[in-house]
Every structure is written in structure tokens, then in C-alpha cells.
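As C-alpha cells, the structure follows; a few thoughts come after it.
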Amino acid sequence: MALTAQISFLDGTLSLIHIPLSLYPTFLQPILKVLLPQSRGAPELNLDGLTLEKSRHGFLNISVTPLECSVVCHSSWAKAVFEPVIRQLPRDAAKSVSMSKDAYIVLSVISAGMDAGSRVADLTSPLALANIPIFFITTYYSDFILVPAKDRQAVEKTLLSRGFVFSDDDSSSFTSPYHHSRGPSQSSSLNELPNTPPPSSIPELQERTFENLKKRNVVPYIEPNLLLVQCSGRENKDTIGGYSERPSTFHHQNGHGNHHNRHSSHGPCWADTVDTKLYTGLVSALVSQPRFLSITLAQEDPPSLLLDRNLLGIFGDSLVGPTTEGFSLVPIFLDLSSLPIEATGIVSGVAGTLVKELHPGTVVDNGRRNGGQEEVELSYLSTARAGAVILGEEVSVRAMGVLKGVLVREGK
């Protein structure tokens, strides 16, 4: 059965920011300022990267993990909100914070009916084989793939050469045919050293991945007693062209005795277009410096969250998704701080190997799976200097065995 995935470039250029956890309290205020973009009434924050009618980010990811705090935001917000804080730090502290020198653009992948591992296989394997560096973020609704803006033409050429086609109505969109016989996720993030000739096949890519990770002493690990839930902000029926926008019910009386919406001359303000209960929970969670919380905002999608199960109580009934006790996820972390940001291929190598090894007897050939076995439910979160493979509790135990077998040197 063939399925169609819609793949498109989102507007804007993005920056990736790494913040060490020791400096998280220092950066809490700029993190909240980016999350709550109240640009009206704040001229200094009339920046690019927000939709004009709703003052909402085209793309934003804020992730707090046991390894780091990572922010992906529009380059103008990185420069205006984060750079001044970095400049005020002592020299040694400032050096520990990093901001990507190159601008990134983001691909949105939307495909119903396919698990997170399979629906990006056709896209990410050719990019990995073309040695194009990628960051990959799975959300509740979509997958997002960040690539360097300077590589946009190479990305388009690679996709076209592998059978992707532009849609009729958008020169920045592709349509990709998917099949249930497709193999494991071949998505990419950080690994292959820059200026290395690209691998000629997926098996070669996987072999290089683990060789380089071993050289850098990258060892997978699981945080004790950390269980995650992937969910979403609640969608409202009463919307103003968005996921949970609510009409303002507050009015004022002018001097002529007529009632008008208080924002009638400018349209709804940001607070009128979001679920304030959800955002109150997000602020509360961020102020507490959570053990794990990843928030993704993207155009018309409701906010997507991947969070520590212990944080659910903060959000009340503002979340939807599999939040019951039986639906917990386990992250397997990879500390990639010793690798250059230009490196490529980790998710493709790691995820591809996991899917293959967790199905003994399955044969994977050029991205196709034989045998008709059920695919592993696997997702991935790239942060500035790390990655996390996200799996179900039971599968995560077997996955750790697979990764230790290929990454941990004998005697350790």
C-alpha cells in the first residue's frame, strides 16, 4: 500500500544554541521571552520569524535534557535575545555556550499512517549518503529535519535525483511515495567527519557511524527512572484560523458609547491565540529546570511536547495524547559534544541498525525491508550537542543491548 508524504521547506533561517545546564538559570529569562513572543507593545521584539496575523513562531524548539539545554529558533531571535546575554557572561562561561555559525532551514515531513521511523526513510537516507548534515526532531504531529541553509540546493538536487518531485503549487514542497515494505529509519544527524567522502551504501554508512562514535568514546546510556510522554496541546473547536485560538471576550467602551474588541484595530494579540492553561504549565515546568522537557512550535501545528512523565500534573487537562501509565517512552542518550556540528549520519546509522537488529532475520537492502515484519516504533530528538533515541520501555532494553554491542569497547 503506497502512502504519500508532504515534504516542504518552512520559511526563515534558524540558529542552534547550546546552553550548559549550569547556566540554565542565567538563560531562563531569554528562553521564556522566546517562548512567549509578546511582540505587540514591545518594539524591540518586532523580529522576523513570527507569523504576522498570529505572532506565532514559524518554528521553535526548546529542549532541556540531562545533557544540555538546546534552543532552535529564528536567527533574528537568537541574535536579539540570546547574544546580549552571552556577551554579558564572564569569558570562560561565554565560551561554554555555543551558537551555530551557519544558518539552518527546516523541512517539515507530514505523513499519516506511518510510524516515525519509516515515514522519513526515503528522505533522510539519500541526504545521509550525500554527506549533508542534518538535525532531526520527531513531534506528536510531524517530523522536522534541519539542514544548513547553504546546502539547500544540494538537498533539492539530492531529493530530485532520488525520485522526489516538486508539488504543483509550491516550489518548496516535494511529494514522496512511501510503501509499507520500506525499511528502517535512515534519518541523519551528527556523525560523519566533514570532508570525508560520502559512503556508497547504507551498510557502509552504518559501519562508519559506529567506528567514528567508538573513536570519540560515545557510549549510549539511559537515565534511571526517567520515563517520557509524547503529547500535544489541546485543540479547540472555537479557533481563529489556528489550533487553539480563542476569540477575545473582553471589550471596552469608548467615548461614544460603542463597544469594540480591545484589539479590533490590530487583530487578536498573542495571548488571544493560545491556550493559556498550556502555556502556564510550560512556564511552570521551565522555571523548575525540568529533568526532560522538549517543546516544538511549528506554524499551524498545535504545540508538541515530549516531557518527563512526572510533569504531567502541572498541565491539568491541557494535554492530549497517550498520557496513561501504560504509554511511557524511554530515551537512550548519546553525548555528541566531541563531534563537529558539521558531522552527518548518526540517526541514519543508529536508527537503521536498531530497526534491523531488533527484528532478527529481517534483511534490509537499500532502505527496503523484506519479511513483512512489524516495524519498530522509534523516534529521535536532535539537540545542539546530543541525540536521544526514543523507544517504548520494553524495546529500549533490547535496544541498549544492541547499541552497547556495537559501541562499547571490550573490557569496559
Side-chain angles (χ1 to χ4, degrees), residues 10-52 54-106 135 137 144 146-150 266 269-271 273-274 279-280 282-290 293-299 303 336-337 340-342 381-386:
L10 302 186
D11 293 335
T13 59
L14 305 171
S15 295
L16 283 70
I17 305 165
H18 159 76
I19 301 168
L21 294 178
S22 60
L23 291 177
Y24 178 83
T26 303
F27 283 88
L28 179 59
Q29 193 265 354
I31 289 171
L32 293 178
K33 184 179 290 188
V34 172
L35 178 66
L36 313 173
Q38 306 258 10
S39 58
R40 292 189 178 93
E44 73 278 7
L45 290 182
N46 286 327
L47 304 172
D48 294 335
L50 301 181
T51 57
L52 294 178
K54 285 165 279 195
S55 293
R56 194 178 300 150
H57 285 283
F59 185 86
L60 172 69
N61 176 266
I62 300 170
S63 295
V64 185
T65 76
L67 290 171
E68 64 175 332
C69 174
S70 173
V71 178
V72 181
C73 65
H74 195 280
S75 299
S76 64
W77 285 79
K79 183 176 182 179
V81 177
F82 287 94
E83 279 192 2
V85 179
I86 297 172
R87 287 196 296 266
Q88 293 174 7
L89 293 172
R91 180 176 298 180
D92 289 345
K95 287 181 179 179
S96 69
V97 181
S98 64
M99 186 179 301
S100 58
K101 295 180 180 179
D102 294 330
Y104 283 77
I105 52 178
V106 62
F135 288 81
I137 298 173
F144 297 96
L146 279 69
V147 297
K150 64 183 180 182
H266 300 289
C269 76
W270 174 84
T273 68
V274 299
Y279 275 79
T280 299
L282 288 174
V283 171
S284 178
L286 288 168
V287 167
S288 71
Q289 188 166 342
L293 174 63
S294 180
I295 311 153
T296 303
L297 308 179
Q299 291 193 351
L336 307 175
S337 58
I341 197 170
E342 300 87 357
L381 173 67
S382 291
T383 55
R385 289 191 175 183

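This structure is a prediction, so every number in the text was calculated from the model and none was measured.
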Looking only at heavy atoms, what is the nearest atom pair of [X] and [Y], with distance?
X      : Y      : result
Ala386 : Leu67  : CB-CD1, 3.6 Å
Ala80  : Pro84  : O-CG, 3.4 Å
Glu68  : Ala384 : OE2-N, 3.3 Å
Leu10  : Gly58  : CD1-O, 4.1 Å
Val97  : His18  : CG1-O, 3.2 Å
Ser382 : Ile137 : O-CG1, 4.0 Å

Contact between [X] and [Y] at the side-chain level, heavy atoms closer than 4.5 Å - yes or no?
X      : Y      : answer
Leu60  : Thr296 : no
Val64  : Tyr24  : yes
Leu381 : Phe135 : no
Leu16  : Leu146 : yes
Ile295 : Leu286 : yes
Cys73  : Ile17  : yes
Leu36  : Val283 : yes
Lys150 : Asp102 : yes

Donor-acceptor pairs under 3.5 angstrom involving side-chain atoms of residues 88-96: please list them, not counting sequence neighbours.
unit_1	atom_1	unit_2	atom_2	d
Ser96	OG	Ala93	O	2.6

For the side chain of [X] and the backbone of [Y], is there at least one donor-acceptor N/O pair under 3.5 Å apart?
X     : Y      : value
Asn61 : Leu297 : no
His57 : Val34  : yes
His74 : Ser76  : yes

With sequence neighbours excluded, what pairs up with Ser337 under the side chain to side chain contact (heavy atoms under 4.5 Å, CB included) test?
Asp335, Arg385
Taking the six-membered ring for Trp, are Phe27 and Phe82 parallel (under 30°), tilted (30 to 60°) or perpendicular (over 60°)?
parallel
Where do Tyr279 and Leu35 land on the side chain to side chain contact (heavy atoms under 4.5 Å, CB included) test, with the steps shown first?
CA-CA 9 Å; Tyr279 275 79; Leu35 178 66; 4.0 Å; yes
How far does CG of Leu28 sit from CD1 of Ile19, to the nearest 0.5 angstrom?
10.0 Å
From Ile105 atom CD1 to Asp11 atom CG, the distance as rounded to the nearest 0.5 Å:
11.0 Å
With no hydrogens and no angle check, do the side chains of Ser294 and Ser63 hold a donor and an acceptor under 3.5 Å apart?
yes
